[in-house]
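Count residues from 1 along the sequence.
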Amino acid sequence: MTFTPTREAALARLTAFTPKMGRDYASQRNYDRPGHDDVSRLSPYLRHRMITEDEVLRACLDAHSPSAAQKFIQEVYWRTYWKGWLEHRPSVWTQYRAGLSQALNDVQTQSGLRTEWEAACTGDTGIDCFDHWARELVDTGYLHNHARMWFASIWIFTLRLPWELGADFFLRHLLDGDPASNTLGWRWVGGMQTVGKTYLARPDNIAKYTEGRFRPRDLAAFAAPLDGYPNPDRTPLPQSGALPKGKVAVLVTEDDLTPAWLMDQLDVAEVAYFDGTRLRSPLHVGEKLASFMAGAAEDLAARIGPLTALDTAEDVAEWAKGHDNVVMSYAPVGGTADALPASITKVIRPYDAVAWPHATAGFFKFKDKIPKFLRSYDDQLQLL
């Protein structure tokens, strides 16, 4: 299984999967089958907005009724919800990074922990399903969502490894890894996101949804919630910057690789590109992820023209000083956002501006607003 890092490939995948977005998806999405043909595999492209949620939802609703495609539409919005939740509480990302730093220090000083961590990352634990998923992730940059949940549960409750190290392993390899979905998903499995509610990987559930490929033994039978910081109070959402008049420079990052929506509103003098993928982890990112992002940068240049390549955060700051006005699509909470100068005007996409204010509590309250979101996009002539 490969992911070609181009917008053309993303659109082709969207076209191919659209007929399955209705009841087929709802009935088959939980099965982790070789090839993963029962799920869209659009997530690497959506993560970097090589295609957008608007485009995916439009294709879905052109082919299916909202009721028939309810499950697929909700899955698109899960990623939106996680991002909005973290925008309200960015300190959770900061706490995760601090916990990861401590865990990596412990790996250096505790030989037993280092051995167990390395075995988990290389797929040498002796738990056949877990080892398969570890190798699949490194080899392909992808895991089925159900496998991600099982994997995180086994990492935390059976192997008893620090959850931050597992979240980091995912971010170093997943082509669709992003700070919000990844951090909050691992917190949810560990019982910190929905306080006291954990996710326990059960052998019978794994056997059912892998259709007998795996039936692990000796998994943890109980999942006590991890200790951790309580969910912080919400903070105000960031405000979208106002578009300046006159000549502007545009900064593109890996968080939004279809910048035409923004550039079409501006008089653009120069475009620069900063790929902050390496900032997802203190460690080196995986070969598949690095290769995918290199190809995505080439595709971006082929679509929009010459780019000024900026390799480091210091390069971004120095480049920005040379322009009176620098504008970019807003980078959500994460390593890239942490590296960007405050002086850059950051403009939030309308899709996010509509949904993020409602990501204040649990997903089930948020999903009740989905029909409202869709009507709002229709009013903006973006959807339906």
Glu318/Asp315 under side chain to side chain contact (heavy atoms under 4.5 Å, CB included): CA gap, chis, key distance, verdict: CA-CA 5 Å; Glu318 192 62 30; Asp315 291 341; 5.8 Å; no
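- Using a 4.5 Å cut-off on side-chain heavy atoms (C-beta onward), Lys369 and Lys365 make no contact.
- The distance from atom CZ of Arg23 to atom OH of Tyr25, rounded to the nearest 0.5 Å, is 15.5 Å.
- How far CZ of Phe373 is from CG of Asp368: 9.5 Å, rounded to the nearest 0.5 Å.
- Side chains of Tyr229 and Ser91 form no contact here, defined as non-hydrogen atoms less than 4.5 Å apart.
- The minimum heavy-atom distance between Gln74 and Phe363, with the atom names listed, is O-CZ, 3.7 Å.
- Side-chain N or O atoms of Glu55 include one that pairs as donor or acceptor with a backbone N or O of Thr52 at under 3.5 Å.
- With hydrogens and angles disregarded, no donor-acceptor distance shorter than 3.5 Å links the side chain of Arg114 to the backbone of Thr109.
- Checked against the 6.0 Å centroid threshold, Tyr351 and Trp261 do not count as a close aromatic pair.
- A donor-acceptor contact closer than 3.5 angstrom links the side chains of Glu136 and His36.
- Ionic pairing of Asp54 and Arg58 is not present here: no N-O contact between side-chain nitrogen and carboxylate oxygen is shorter than 4.0 angstrom.
- Looking at His358, its side chain never comes within 3.5 Å of a backbone N or O of Lys367 through a donor-acceptor pair.
- Between Leu340 and Leu251, some side-chain heavy-atom pair lies under the 4.5 Å cut-off.
- Put simply, the side chain of Val327 does not reach to within 4.5 Å of the side chain of Lys346, judged on heavy atoms.
- Residue Trp186 holds its CH2 atom at 9.0 Å from CG of Leu165, rounded to the nearest 0.5 Å.
- Distance alone, capped at 3.5 Å, is enough to place a donor-acceptor pair between the Asp131 side chain and the Gly126 backbone.
- Annotation: side chain of Val271 is not in contact with side chain of Thr308 (no heavy-atom distance under 4.5 Å).
- Put simply, the residue from Trp133, Tyr209, Tyr199 that forms a ring pair (Phe, Tyr, Trp, His ring centres under 6.0 Å) with His146 is Tyr209.
- Atom CD1 of Ile304 and atom CG of Leu307 lie 4.5 Å apart (nearest 0.5 Å).
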Under the criterion salt bridge (Lys or Arg N to Asp or Glu O under 4.0 Å), I'd like the reasoning laid out for Arg349 against Asp256: C-alpha separation, chi angles, the key distance, then a yes or no. CA-CA 10 Å; Arg349 275 186 178 263; Asp256 193 337; 2.8 Å; yes
Just do the side chain to side chain contact (heavy atoms under 4.5 Å, CB included) check on Asp338 and Trp93 with the steps written out, would you? CA-CA 10 Å; Asp338 291 343; Trp93 168 251; 3.1 Å; yes
Are Asp139 and Lys288 close enough, and set up right, to give a side chain to side chain contact (heavy atoms under 4.5 Å, CB included), and what steps lead you there? CA-CA 7 Å; Asp139 290 344; Lys288 289 293 182 181; 5.6 Å; no
Using the rule given for side chain to side chain contact (heavy atoms under 4.5 Å, CB included), can you reason through Leu174 versus Arg148, listing the C-alpha separation, both sets of side-chain angles and the distance that settles it, and then say yes or no? CA-CA 11 Å; Leu174 282 172; Arg148 299 182 198 201; 3.6 Å; yes
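- Atom CG of Leu113 and atom CG of Leu104 lie 9.5 Å apart (nearest 0.5 Å).
- The one candidate from Leu159, Val189, Leu219 that meets the side chain to side chain contact (heavy atoms under 4.5 Å, CB included) condition with Ser153 is Val189.
- A pairwise comparison of heavy atoms in Thr345 and Ala242 identifies CG2-O, 3.5 Å as the closest pair.
- Without hydrogens or angle criteria, Ser101 side chain to Arg97 main chain gives no donor-acceptor distance under 3.5 Å.
- Between Ala220 and Leu200, the shortest heavy-atom distance links the atoms O-CD1, 3.4 Å.
- Under the 3.5 Å distance criterion, the side-chain polar atoms of Ser240 are matched with a main-chain donor or acceptor of Ile348.
- Without hydrogens or angle criteria, His88 side chain to Trp356 main chain gives a donor-acceptor distance under 3.5 Å.
- Contact check for Thr158 versus Pro216: no side-chain heavy atoms found under the 4.5 Å cut-off.
- Checked for salt-bridge contact, Lys208 and Asp204 miss the test: no charged N lies under 4.0 Å from a carboxylate O.
- The local environment of CG in Asp227 is sparse, with at most 12 non-hydrogen atoms from other residues, nucleotides or ligands closer than 6.0 Å.
- Here the NE2 atom belonging to His144 is positioned 10.5 Å from the CE atom belonging to Met149, to the nearest 0.5 angstrom.
- By the 30° and 60° cut-offs, the orientation of the rings of Tyr81 relative to Phe366 is tilted.
- Closest approach of Ala134 to Phe169, counting heavy atoms only: O-CZ, 4.1 Å.
- Counting only N and O atoms by type, the side chains of Trp319 and Glu270 include a donor and acceptor under 3.5 Å apart.
- Checked by atom type, the side-chain pair Asp299/Thr6 shows no donor-acceptor distance below 3.5 Å.
- A salt bridge links Glu75 to Arg29: at least one charged side-chain nitrogen sits closer than 4.0 Å to a carboxylate oxygen.
- Electrostatic pairing of Lys83 and Glu87 does not count as a salt bridge here, judged by no charged N lying under 4.0 Å from a carboxylate O.
- Between Arg47 and Arg79 the shortest side-chain heavy-atom distance falls below 4.5 Å.
- The residues Arg135 and Asp124 are annotated as salt-bridged, a charged nitrogen and a carboxylate oxygen being separated by less than 4.0 angstrom.
- Counting all heavy atoms, side chain and backbone alike, Leu86 lies closest to Val92 at CD1-CB, 3.9 Å.
- Salt-bridge annotation for Asp38 and Arg33: present, with a side-chain N of the basic residue lying under 4.0 Å from a carboxylate O of the acidic one.
- By the 4.0 Å N-to-carboxylate-O rule, Arg303 lies too far from Glu8 to be salt-bridged with it.
- Under a 3.5 Å cut-off, the side chain of Ser27 and the backbone N or O of Asp24 do form a donor-acceptor pair.
- Judged purely by distance below 3.5 Å, without hydrogens or angles, the side chains of Arg280 and Asn182 never pair a donor atom with an acceptor atom.
- Hydrophobic clustering (ILVMFWY, side-chain heavy atoms < 4.5 Å, transitive): Tyr31 and Ile206 are in one cluster.
- Without hydrogens or angle criteria, Thr194 side chain to Lys197 main chain gives no donor-acceptor distance under 3.5 Å.
- In this structure, Asp128 does not pair ionically with Arg217, as no charged nitrogen and carboxylate oxygen lie closer than 4.0 Å.
- The closest side-chain donor-acceptor pair between Asp178 and Trp82, if any, does not fall under 3.5 angstrom.
- The shortest distance between side-chain heavy atoms of Pro66 and Leu61 falls below 4.5 Å.
- Taking a cutoff of 4.0 Å between a charged side-chain nitrogen and a carboxylate oxygen, Asp32 and Arg213 qualify as a salt bridge.
- The side-chain tip of Arg89 points at the ring of Trp85 from less than 6.0 angstrom away and within 45° of straight on.
- When atom types are taken as modelled, the side chain of Ser291 and the backbone of Glu287 share no donor-acceptor pair closer than 3.5 angstrom.
- A salt bridge links Arg41 with Asp37; the closest basic N to acidic carboxylate O contact falls under 4.0 Å.
- Listed here is the closest heavy atom pair of Ala120 and Phe130: O-CE2, 3.6 Å.
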